[in-house]
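As structure tokens, the structure follows; a few thoughts come after it.
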Amino acid sequence: MNTGSHGAGADRVDTLDIPTTRAWIDAVARAVTAHRDELTELDAAIGDADHGANLQRGFAAVETAIGGLGYAPETVGQLLGKVGMTLISKVGGASGPLYGSAFRALGRQLTTPEADGHQLTLALQAGLDAVRALGGATTGDKTMVDALAPAVAAFGEAITAGGDLGAAAHAAVDAAEAGARATTPLQARKGRASYLGERSIGHQDPGATSTALIFAALAEVLQPHG
Ligand SMILES: [Mg+2]
């Protein structure tokens, strides 16, 4: 429906540029700091209580790596690749290599200064593939895949249906949060939590929880600016 010469189309956000990508990573860094204790408590229940601290330290290192005046990436992918390399080198445990590999996979796909919804859908799928390949987890294993897989699917479905990046990111957040909540009754089959067997049941997975935070940060920066 046409709402005028500056109608709905003017409020769409159809590309992710380098400044908005930087804003996304800044928002992730703020979110993992704000939710550090929550992530730590979730990891204390079924892991080794370091997920909040690991992610906070990792994204602080990322902010240092991409925040310097001399750092001027020419594509969205260069920036996200730098994020991934920094996470791999600075974050211990499983989450550093997993998130680092995901961001590196996004980076390899996004070889232009701006990425559209179709490119981002393919990149997110590559990120999911990287996490699955490295961690060996599938949906239902009580890992970050339980949030990431439905989020990637929801993002792609929203783009296919004609939604803009903001709508797609919001759909991804809803799917990621639902996926994270759905890990609570599951018994862990991958990662440190799997050592607990049935005692892992009844706790939300910290990795799935932080995955939802990363999509929420993306949705936050893709609000229309009209
Ligand atoms: Mg841990």
Side-chain angles (χ1 to χ4, degrees), residues 24-65 80 82-106 124 127-152 173 175-218:
W24 174 29
I25 300 305
D26 292 347
V28 174
R30 287 195 302 274
V32 297
T33 297
H35 293 268
R36 174 193 157 130
D37 291 347
E38 175 194 346
L39 294 173
T40 294
E41 284 167 23
L42 292 173
D43 197 27
I46 61 171
D48 55 357
D50 63 357
H51 193 53
N54 280 345
L55 285 188
Q56 184 178 26
R57 188 170 61 251
F59 278 93
V62 165
E63 292 284 88
T64 300
L80 292 176
K82 181 99 168 171
V83 171
M85 285 303 296
T86 305
L87 292 175
I88 289 170
S89 64
K90 299 290 185 185
V91 182
S95 60
L98 289 167
Y99 279 132
S101 297
F103 277 106
R104 285 191 73 197
L106 260 69
L124 288 168
L128 171 61
D129 290 345
V131 168
R132 281 182 171 147
L134 184 61
T138 189
T139 302
D141 285 347
K142 197 181 182 91
T143 73
M144 62 172 67
V145 171
D146 288 332
L148 186 55
V152 170
V173 173
E177 290 179 346
R181 284 193 299 273
T183 63
T184 300
L186 299 176
Q187 178 173 332
R189 292 194 296 244
K190 288 286 175 185
R192 186 178 287 263
S194 66
Y195 306 158
L196 292 176
E198 290 182 358
R199 284 181 291 142
S200 64
I201 294 170
H203 304 281
Q204 184 166 313
D205 182 67
T209 306
S210 57
T211 293
L213 292 177
I214 291 170
F215 279 98
L218 180 62

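Side-chain atoms are counted along with the backbone in the values below, which use heavy atoms only and exclude waters and symmetry mates. Order of appearance sets the numbers: ligands from 1, and atoms from 1 within every ligand.
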In [X], what N, O or S atom is nearest to the Mg ion (ligand 1), if we give its atom name?
X: D43; result: OD2
X: D48; result: OD1
X: D50; result: OD1

Can you name the side-chain hydrogen bond (donor to acceptor under 3.5 Å, both in side chains) partners of E38, sequence neighbours left out?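 Partners of E38 under the side-chain hydrogen bond (donor to acceptor under 3.5 Å, both in side chains) test: H35.
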Strictly distance-based, threshold 3.5 Å: is any side-chain N or O of T183 a donor or acceptor partner for the main-chain N or O of D205?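 Yes, T183 side chain to D205 backbone: donor-acceptor pair under 3.5 Å.
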Candidates I88, L87, L98 - the one meeting side chain to side chain contact (heavy atoms under 4.5 Å, CB included) with F103: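 Exactly one candidate clears the test, L87.
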Taking only residues two or more places apart in sequence or in another chain, which ones pass salt bridge (Lys or Arg N to Asp or Glu O under 4.0 Å) with R181?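 R181 satisfies salt bridge (Lys or Arg N to Asp or Glu O under 4.0 Å) with no other residue.
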